[in-house]
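All remarks here apply to the structure that follows.
Only a predicted model underlies this, so the values are computations on that prediction, with no experimental measurement involved. Just so you know, these numbers use all the heavy atoms, side chains as well, and skip hydrogens, waters and symmetry mates.
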Amino acid sequence: MTLMHRFRNTLAFGGSAIALAATVAFSATAHAADTITWKVQSHWPGSSSSYEDSLKRIKRVIEERTDGQLKLELYEAGQLFKAQETFNAVSRGVIQMGTISPAYAQDKMTLAGIASGLPFAFRNVWEASYFHKNLGFEDMLREEAAKFNVYYSTDKVYPTEMVSKKPINSWEDFKGLKIRSSGALQKFLTEAGAAGTYVPGGELYQALSSGVVDAAHWGAAQGAASMGLYEVAKYHVQPALNIAGTDAFIVSQKALDKLPEGMAKIVKDALDEQFWIRTSEYLYKEKITLAKVQAEQGVKINTMPQDVQDRLAKVAQKTWDEEAKRSDKAAEAVKKLKGFLSDLGYL
């Protein structure tokens, strides 16, 4: 529907004066401006489920709600920059928008390690969502990113679970693994005794199949399946290493400020809405995907023994304290986290 059609429909059906004024104001601004195109660099390969379900969704929503006045030109991981360079590119205004793992911005944002997921903290996805949105962690992230002219918005909250070529049935099994990881989780896994190493998403399948790594995490079941990891790694390891906002959208503040009146709010509202829609959708698809790969690809659920989980939890809390040392804001966030987990009876 065109903006003029919306205007006529508002008159015909007796819309409120406020709604009519807003429609007229946005219509006048939009028609006065040429179509705006934003370059968007993803950290997801095109084969990743989130490239389709998250990135293409936000493209569709924003373009529909701006009547095509704002278009998103999508680039897969590595097409323009390496994943770790995307934050700087958006910060400098080289591109207008991107998706990242917070781990890729650790040199800029002291809260990035917490955002990418403190290990063995939350036990349920709703807890992480509540921490972000109700306890103010998302606001803290946005405040820190704003110092670099970046608007930050978490895409979704979801569990990170490993796939492995070998089952973990003892502490020795865990310590013997070479695990593809990133950010705070990579540091945690290494400190716990495994060999954590970073491998770009586009190289992950080859790294697993060739034995460069024995295990990896790329989201949970849905992410692993979309990347073909179950073809070479038949064990899905639980419980989750973490539950966190491991993916985020970043937008150039300069690009937002240049948008016609009302359009920046459309973008921000669409991103806020995305958080809830994608978090729920991801959990739903996790259940379906895990059942499917068990039935069709012979994947087995490997629950780590309780003694292994207990030892990992002890190491994890030391990791939390290390992240808290990065800044006063990081210390505030970890204190807030511990208080929340104590209220839940976990600490």
Evaluate the criterion side chain to side chain contact (heavy atoms under 4.5 Å, CB included) for residue pair Thr99 and Asp155; output intermediate values, then yes/no.
CA-CA 9 Å; Thr99 71; Asp155 176 53; over 6 Å; no

Using the rule given for side chain to side chain contact (heavy atoms under 4.5 Å, CB included), can you reason through Val308 versus Asp173, listing the C-alpha separation, both sets of side-chain angles and the distance that settles it, and then say yes or no?
CA-CA 10 Å; Val308 174; Asp173 289 340; over 6 Å; no

Evaluate side chain to side chain contact (heavy atoms under 4.5 Å, CB included) for Lys133 paired with Asp272, printing each intermediate quantity in order.
CA-CA 10 Å; Lys133 296 295 188 176; Asp272 282 339; 3.8 Å; yes

Could you go through the side chain to side chain contact (heavy atoms under 4.5 Å, CB included) check for Leu290 and Gln238 one step at a time?
CA-CA 12 Å; Leu290 192 52; Gln238 291 182 339; 4.0 Å; yes

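Atom NZ of Lys71 is separated from atom CD of Glu63 by 5.0 Å, given to the nearest 0.5 angstrom. Taken from OG1 in Thr86 to CD1 in Ile95, the straight-line distance is 5.5 Å, to the nearest 0.5 Å. Here the NE2-CD1 distance, from His236 to Ile301, works out to 5.0 Å after rounding to the nearest 0.5 Å. Interatomic distance, CG of Asp214 versus CE of Met162, reported as 10.5 Å (0.5 Å rounding). Interatomic distance, Thr246 OG1 to Ile100 CD1, rounded to the nearest 0.5 Å: 11.5 Å. Here the CG atom belonging to Leu341 is positioned 7.5 Å from the CD atom belonging to Glu127, to the nearest 0.5 angstrom.
When side chains are defined from C-beta on, Leu241 does not count as touching Pro119, because their heavy atoms never get closer than 4.5 Å. A heavy-atom distance below 4.5 Å is found between the side chains of Leu55 and Leu74. With a 4.5 Å cut-off on side-chain heavy atoms, Asn302 and Asn169 count as touching. A heavy-atom distance below 4.5 Å is not found between the side chains of Trp44 and Ser226. At least one side-chain heavy atom of Leu312 sits less than 4.5 Å from a side-chain heavy atom of Met304. Residues Ser129 and Thr279 form a side-chain contact, since some pair of their non-hydrogen atoms from C-beta on lies under 4.5 Å apart. Side chains of Leu271 and Tyr151 form a contact here, defined as non-hydrogen atoms less than 4.5 Å apart. Side chains of Phe137 and Leu135 form no contact here, defined as non-hydrogen atoms less than 4.5 Å apart.
Within 6.0 Å of atom OH in Tyr198, more than 12 heavy atoms from other residues, nucleotides or ligands are found, so the atom counts as buried in its surroundings. Counting non-hydrogen atoms of neighbouring residues, nucleotides and ligands closer than 6.0 angstrom, the CG atom of Asn134 exceeds 12 such neighbours. Within 6.0 Å of the NZ atom in Lys268, the count of heavy atoms belonging to other residues, nucleotides or ligands exceeds 12. Atom NZ of Lys39 has 12 or fewer neighbouring heavy atoms from other residues, nucleotides or ligands inside a 6.0 Å radius. Within a 6.0 Å sphere centred on NZ of Lys166, heavy atoms belonging to other residues, nucleotides or ligands number 12 at most.
For Phe174, the ring pair (Phe, Tyr, Trp, His ring centres under 6.0 Å) criterion is met by Trp171, not counting sequence neighbours. Every residue meeting the ring pair (Phe, Tyr, Trp, His ring centres under 6.0 Å) condition with Phe122, not counting sequence neighbours, appears here in chain and number order: Phe131. Scanning for ring pair (Phe, Tyr, Trp, His ring centres under 6.0 Å) contacts around Tyr130 gives Phe340, with sequence neighbours left out. Shown here are the ring pair (Phe, Tyr, Trp, His ring centres under 6.0 Å) partners of Tyr282, two or more places apart in sequence or in another chain: Tyr158.
Note on Lys285 versus Asp53: salt bridge recorded, some NZ/NE/NH1/NH2 to OD/OE distance being below 4.0 Å. Checked for salt-bridge contact, Glu322 and Lys318 miss the test: no charged N lies under 4.0 Å from a carboxylate O. Under a 4.0 Å N-O distance rule, the pair Glu281/Arg57 does not qualify as a salt bridge. The residues Glu332 and Lys335 are annotated as not salt-bridged, no charged nitrogen and carboxylate oxygen being separated by less than 4.0 angstrom.
The nearest pair of heavy atoms linking Ile36 to Pro260 is CD1-CD, 3.6 Å. Closest non-hydrogen pair, Val237 versus Glu161, comes out as O-CB, 3.6 Å. A pairwise comparison of heavy atoms in Ile243 and Asn124 identifies CD1-N, 3.6 Å as the closest pair. Between Thr289 and Ala225, the shortest heavy-atom contact is CG2-CB, 3.7 Å. Looking at every heavy atom in both residues, Pro159 comes nearest to Ala220 through O-CB, 3.5 Å. In terms of heavy atoms, Gln274 sits closest to Ser54 at NE2-O, 3.1 Å.
Under the 4.5 Å side-chain heavy-atom criterion for Ile, Leu, Val, Met, Phe, Trp and Tyr, Phe120 and Val334 are members of distinct hydrophobic clusters. By the criterion of side-chain heavy atoms lying less than 4.5 angstrom apart, applied directly or through intervening Ile, Leu, Val, Met, Phe, Trp or Tyr residues, Ile179 is not grouped with Val199; the two fall into different hydrophobic clusters. Both Leu337 and Val157 are assigned to one and the same hydrophobic cluster, defined by single-linkage of ILVMFWY side chains at heavy-atom distances under 4.5 Å. Under the 4.5 Å side-chain contact rule for hydrophobic residues, Val315 and Leu177 share a cluster. Both Leu141 and Tyr104 are part of a single hydrophobic cluster, where members link through side-chain heavy atoms under 4.5 Å apart.
Side chain of Lys175 to main chain of Gly193: no donor-acceptor pair is present (N/O by atom type, distance under 3.5 Å, no hydrogens or angles). Judged by distance alone, the side chain of Glu286 and the main-chain N or O of Ala221 form a donor-acceptor pair under 3.5 Å. Between the side chain of Lys234 and the backbone N or O of Tyr230, at least one donor-acceptor pair lies under 3.5 Å. Checking side-chain atoms of Gln69 against main-chain N and O of Thr66 turns up no donor-acceptor pair under 3.5 Å. A donor-acceptor pair is defined here as one N or O able to donate and one able to accept, closer than 3.5 Å; such a pair exists between the side chain of Gln41 and the backbone of Leu80. A distance-only check finds no donor-acceptor pair linking the side chain of Lys329 to the backbone of Met140 [under 3.5 Å].
Residue pairs meeting the side chain to side chain donor-acceptor pair (under 3.5 Å) criterion with at least one partner in residues 176-190, sequence neighbours excluded, are Ser181-His217.
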Let me have the donor-acceptor pairs involving side chains of residues 107-118, under 3.5 Å, with sequence neighbours excluded, atom names and distances please.
| residue | atom | partner | partner atom | Å |
| --- | --- | --- | --- | --- |
| Lys108 | NZ | Asn88 | OD1 | 3.1 |
| Thr110 | OG1 | Glu144 | OE2 | 2.5 |
| Thr110 | OG1 | Ser327 | OG | 2.7 |
| Ser116 | OG | Ala112 | O | 3.2 |
| Ser116 | OG | Gly113 | O | 3.1 |

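Side-chain contact, Gln317 with Asp321: no donor N or O sits under 3.5 Å from an acceptor N or O.
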